2 protein chains.
Amino acid sequence: MTQQAERTRRIPLSRDRVLAAAVVLADQVGIEALSMRRLAQELGVVPMALYKHVANKEELLDCMVDALVSEIDPPVRDAGWKDTVRLRVLSARGALLRHPWARQVLESRTNKTPAVLGYMDSFIGMFLAGGFSVDLTHHVMHALGSRMWGFTQELFDDSAGGDAAGLVTLPPEAQAAMFREMAERYPNILKVATASAHQDSVVGQGCDDQFEFEFALDLLLDGFERLHRQHWSSTPAQTSPAQTSPAQTSPAQTSTPATP
Amino acid sequence: MTQQAERTRRIPLSRDRVLAAAVVLADQVGIEALSMRRLAQELGVVPMALYKHVANKEELLDCMVDALVSEIDPPVRDAGWKDTVRLRVLSARGALLRHPWARQVLESRTNKTPAVLGYMDSFIGMFLAGGFSVDLTHHVMHALGSRMWGFTQELFDDSAGGDAAGLVTLPPEAQAAMFREMAERYPNILKVATASAHQDSVVGQGCDDQFEFEFALDLLLDGFERLHRQHWSSTPAQTSPAQTSPAQTSPAQTSTPATP
DNA sequence: ATTGACAAGTGTACGCCGTACACCTAACGT
DNA sequence: ACGTTAGGTGTACGGCGTACACTTGTCAAT
């Protein structure tokens, strides 16, 4: 009896083991299926046992984010700001692609853990070290937004593939009908969707996410570079990125109602 | 009795009424507090009654997104693509700011409703009408990402205000201690946070979101414009936005593992 | 060797959630 | 007058996070 007990509960659980199991489980079954009960079961333990090691589910999620951050490579040394930032973002993206749950969790978190703050601080430091003014750095961080973490909303390309995912299971004539329907109702979507697919299937299976991500990233980095060169490290009243837009002088109020 | 019944249940509920109530309730109590039960209660009805008008909660959320999309102004006529896109995005942003739940719901949705597809189609149409090649339009849509909806992850500026939200409730000496702590651990965050606050409080109360949003938007639009001018409407093998980055020639594989 | 404190795991229970399913009931076309 | 049916009801199930009281295994101090 005691021997069996000794055999079954060899390792006494610990915070790290809980955390690691949570990451693995989320990787495997998705974040929406990660429940305290399921996690406990995976660890061969009763649900409430977890609460001896994490305060609650929120804290668990925060810790999972920390684990993710720890996977991001530190900034490379001896390179210009642009390459440094670029590589760091792509490293973050790598971590994110390894952990599909991370995007959603990152989006939902409001409290920043020390690890997250540390990553941001280091990120900001890359621009400052590159000679960016504090103000420009501020704007630039906003412009990057979630791209800092290696992702952006992919609201578009799921639908660029259209109902492709669902389509394949349908009989051919229904596919054709749906295709005609789409061509009629969403001609523009169809144009870019078919153009981005270089094979001749009705609707291509999406596009190269990595290419698209880097396209946007480089577009931003090039923009940053121009602004940086433009007023090197001086700090005028307010940076104005756009020369062409008429409303740019007073950007705070436009078509939206007052936002005090 | 019948008279009372007639008085209490005057309007027989209908899909539209459910939907409208859901939007109002989400506006008021937040999306996380919007449950079928709560919504039913608000309508003076038993929870299961709702299921006679919406299939399930998913569909309800989809419909709420549709309602949001319907609030976005149509594209302005007789303007260049740049202004057209700019105004449309800012209109979407207006709708989003009026409905704080929308961002999260939009992020979580995977199925695109016809209204959403219609919005995207119209959005794509603005670029095509502006003479953008189909390929460039595709990339450009990706670069915009969720900015098309008028939002981006605000992962940064919550923390730029630092623990400001929590700070105010603390005694002054604790504030000072925390400030020193932050200054030591996150010097860079502190620099941009204090710089962006133009008052002399320890940590400014964030920055002008609207300005930051438009900063990034215009940065992108200017970038699009340059690419557009660069190879007007021709479609070379693949558009390459960055001239400087060494890895640009083959962007699909970098530091991340293979993504087939 | 005994004890007693304490950390770790257990069991039960509560209130929330979405929703399946059987039921009632009032209005309406025939 | 009557069957159909759309719309509202009641009950119930399985899942969730977690509060709280409990056992149990471990080890330091007596």
Side-chain angles (χ1 to χ4, degrees), chain A residues 1-23 25-26 28-65 101 104-105 108-111, chain B residues 1-23 25-26 28-65 101 104-105 108-111:
Chain A
M1 189 57 164
T2 33
Q3 217 177 21
Q4 198 194 34
E6 196 179 345
R7 211 178 297 127
T8 51
R9 84 172 53 140
R10 33 182 183 262
I11 305 171
L13 200 49
S14 94
R15 185 183 175 91
D16 283 348
R17 238 162 67 77
V18 170
L19 180 51
V23 168
L25 187 56
Q28 287 173 350
V29 303
I31 192 66
E32 68 287 339
L34 173 71
S35 69
M36 297 300 273
R37 295 172 125 100
R38 174 82 189 262
L39 177 57
Q41 181 185 324
E42 214 75 17
L43 286 161
V45 113
V46 93
M48 286 310 291
L50 301 177
Y51 289 86
K52 287 278 151 59
H53 299 98
V54 296
N56 47 43
K57 196 180 181 180
E58 287 280 289
E59 189 187 286
L60 180 73
L61 292 175
D62 281 341
C63 291
M64 290 173 69
V65 169
W101 47 267
Q104 194 171 327
V105 175
S108 70
R109 235 80 297 267
T110 58
N111 287 337
Chain B
M1 187 54 164
T2 33
Q3 216 179 20
Q4 196 193 36
E6 198 181 342
R7 211 180 296 126
T8 50
R9 85 171 54 141
R10 34 183 182 259
I11 306 170
L13 202 46
S14 93
R15 186 182 175 90
D16 283 349
R17 238 161 67 74
V18 169
L19 181 50
V23 168
L25 186 55
Q28 286 173 350
V29 305
I31 192 67
E32 68 286 338
L34 173 72
S35 68
M36 297 301 271
R37 295 171 124 101
R38 175 80 190 263
L39 177 57
Q41 182 185 323
E42 214 75 17
L43 286 162
V45 112
V46 92
M48 286 310 292
L50 302 177
Y51 289 86
K52 287 279 152 63
H53 299 99
V54 296
N56 47 42
K57 194 178 183 182
E58 288 280 290
E59 189 187 286
L60 180 73
L61 291 174
D62 280 343
C63 290
M64 290 173 69
V65 169
W101 48 267
Q104 194 171 326
V105 174
S108 71
R109 234 83 295 268
T110 57
N111 286 338

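Just so it is clear: chains get the letters A, B, ... in the order the sequence lines come, proteins before strands, and each one is counted from 1. Just so we're clear, the structure is a prediction, and the values are computed from it rather than from any experiment.
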Under-4.0 Å side-chain N/O to phosphate OP1/OP2 contact, A:His53 with C:dA7: no
From CG (B:Asn56) to CG (B:Leu50), nearest 0.5 Å: 11.5 Å
Contact pattern, 5' to 3', of nucleotides 15-22 of chain C - B, S or - by protein heavy atom under 4.0 Å: --BBBBB-
Integer-rounded Å distance: D:dC16 P and A:Glu32 CD: 12 Å
Residues A:Glu59 and A:Arg15 bridged, charged N to O under 4.0 Å: yes
Atom-pair distance (CG on B:Leu50; P on D:dT9), nearest Å: 10 Å
A:Gln104 atom CD, over 12 foreign heavy atoms within 6.0 Å: no
Spacing of A:Glu59 atom CD relative to D:dG17 atom P, expressed in whole Å: 15 Å
B:His53 NE2 to B:Leu19 CG distance, which is reported to the nearest 0.5 Å: 12.0 Å
Nearest-0.5 Å distance that lies between atom CH2 in A:Trp101 and atom CE in A:Met64: 4.0 Å
Euclidean distance, B:Asn111 CG relative to B:Leu61 CG, rounded to 0.5 Å: 12.0 Å
Distance in angstrom units between A:Leu39 CG and D:dG17 C1', rounded: 13 Å
